2 protein chains.
Amino acid sequence: MTGTPVTTQTVEAGTSLSATIVTYDDGMADSAPLDPDMFTGCPPVAAPIRIGDKWTAKIIRCLESGPRRFTELQTPLRGITPKVLTASLRAMERDGLLTRTAYDEIPPRVVYELTDLGRSLLEPMNAGCEWSRRHLDALMRARDSWSAAVP
Amino acid sequence: MTGTPVTTQTVEAGTSLSATIVTYDDGMADSAPLDPDMFTGCPPVAAPIRIGDKWTAKIIRCLESGPRRFTELQTPLRGITPKVLTASLRAMERDGLLTRTAYDEIPPRVVYELTDLGRSLLEPMNAGCEWSRRHLDALMRARDSWSAAVP
DNA sequence: CGGAATCCGATAAGATACTG
DNA sequence: CAGTATCTTATCGGATTCCG
């Protein structure tokens, strides 16, 4: 057994947990020796969607309580660069998760607001939070005993 | 507006949807002009966890109906290389999501099986599937009208 | 204020070949 | 069969600078 870490993670103090949904194509083979209904309930889609990237769920959380401006998002999402925030917001706007409203003023003012579709994501996100609340300690304990047993 | 795609995605026919939970640190600032209870219910954790990578959820689906061997996972997860499958399985084993049982035979036989903890992830995963089932068409329509309006 | 442009580094993941 | 080893690539996100 080599010491190669399988997943690397940065350890920081005082962080919180967020939960999001990732949807993407799964590319399961038809010839698989598995129940062909394994993915029943997951509708086929041509273009995979990713809402499980680093920022999308956090942005949704930030907008949960109401519309916010660019800077009002940038501040709580500390560390996000304008480029990444812009890209995330554009993608979410494109997917109908939020709206972007620019007022023609000086200085400029742009307001982002969740759509109903974007707000609907809170439901599965909360399911993820609920899982964390219930099972995360078990996972952390498993991880601890692994480091204790394997080193 | 440049034509730079915000999120790139490969478009394939005949793929299905999968949904998984991502948990990671969110690094929200304390000084944010936001409801400090924004993340209420998301317990703090020192080591971020990612179960939203490309393969974890699919592996859980593959194991949902019972234990399977390495090759029996590799086949339905077409395209996964042994290296990546091994890394994913090791990480999941470390986190207590599945067990690895190696039988001392020739040829070797190794069986992977979900733990209760791993199986518990099906719940939030299904919540994500349910969201897809209900709202994915709305998202796709939003995306389509975006391409129609912007180009 | 709300971005855009450019450059750069880390990491996940794929391709390929080999082995007990 | 169940991996390991090595190399390469792609993508994401971060840092920095500049602009209307």
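A quick note: this is a predicted structure, and the numbers were derived from the prediction, not measured.
In this entry the distance linking CZ of A/F70 with C1' of C/dC1 reads 9 Å, nearest Å. Rounded to an integer number of Å, the gap from B/R100 CZ to D/dC1 P is 16 Å. The distance from atom CG of B/L89 to atom C1' of D/dC1 is 14 Å, rounded to the nearest whole Å. Between the CD atom of A/E105 and the P atom of C/dC1 there is a distance of 13 Å, rounded to whole Å. Remark: C1' of C/dG3 and CD of A/E93 are 14 Å apart, rounded to the nearest angstrom. Between the P atom of D/dA5 and the CG atom of B/L85 lies a distance of 16 Å, rounded to the nearest Å. For the pair B/R68 CZ and D/dA2 C1', the computed distance is 17 Å after rounding to whole Å. Distance A/K58 NZ to D/dG13 C1': 12 Å, rounded to the nearest Å.
The side-chain contact (heavy atoms from CB on, under 4.5 Å) search around B/P108 returns none, not counting sequence neighbours.
Between A/E123 and B/R134, at least one side-chain N (NZ, or NE/NH1/NH2) sits under 4.0 Å from a carboxylate O, which counts as a salt bridge. Look at B/E72 and B/R69 and you find no salt bridge, because none of the NZ, NE, NH1 or NH2 atoms lies under 4.0 Å from a carboxylate O.
With B/T71 contributing its side chain and B/Q74 its backbone, the two residues share no donor-acceptor pair below 3.5 Å.
Figure legend: cation-pi geometry between A/R68 and A/Y112 absent, as NZ or CZ is not positioned both under 6.0 Å from the six-membered ring centre and within 45° of its axis.
Phosphate contact (OP1/OP2 of C/dA17, side-chain N/O of B/K83, threshold under 4.0 Å): absent.
Axis angle between the ends of the helix from C/dC1-D/dG20 to C/dG20-D/dC1, five pairs each and rounded to 10 degrees, works out to 50°.
Candidate nucleotides C/dG2, D/dG3, D/dC1 were compared by shortest atom distance to the side chain of A/V110, and C/dG2 ranks first.
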Handout entry: Trace of the side chain to side chain contact (heavy atoms under 4.5 Å, CB included) decision for A/V110 with A/T101
Key = CA-CA 5 Å; A/V110 179; A/T101 309; over 6 Å; no

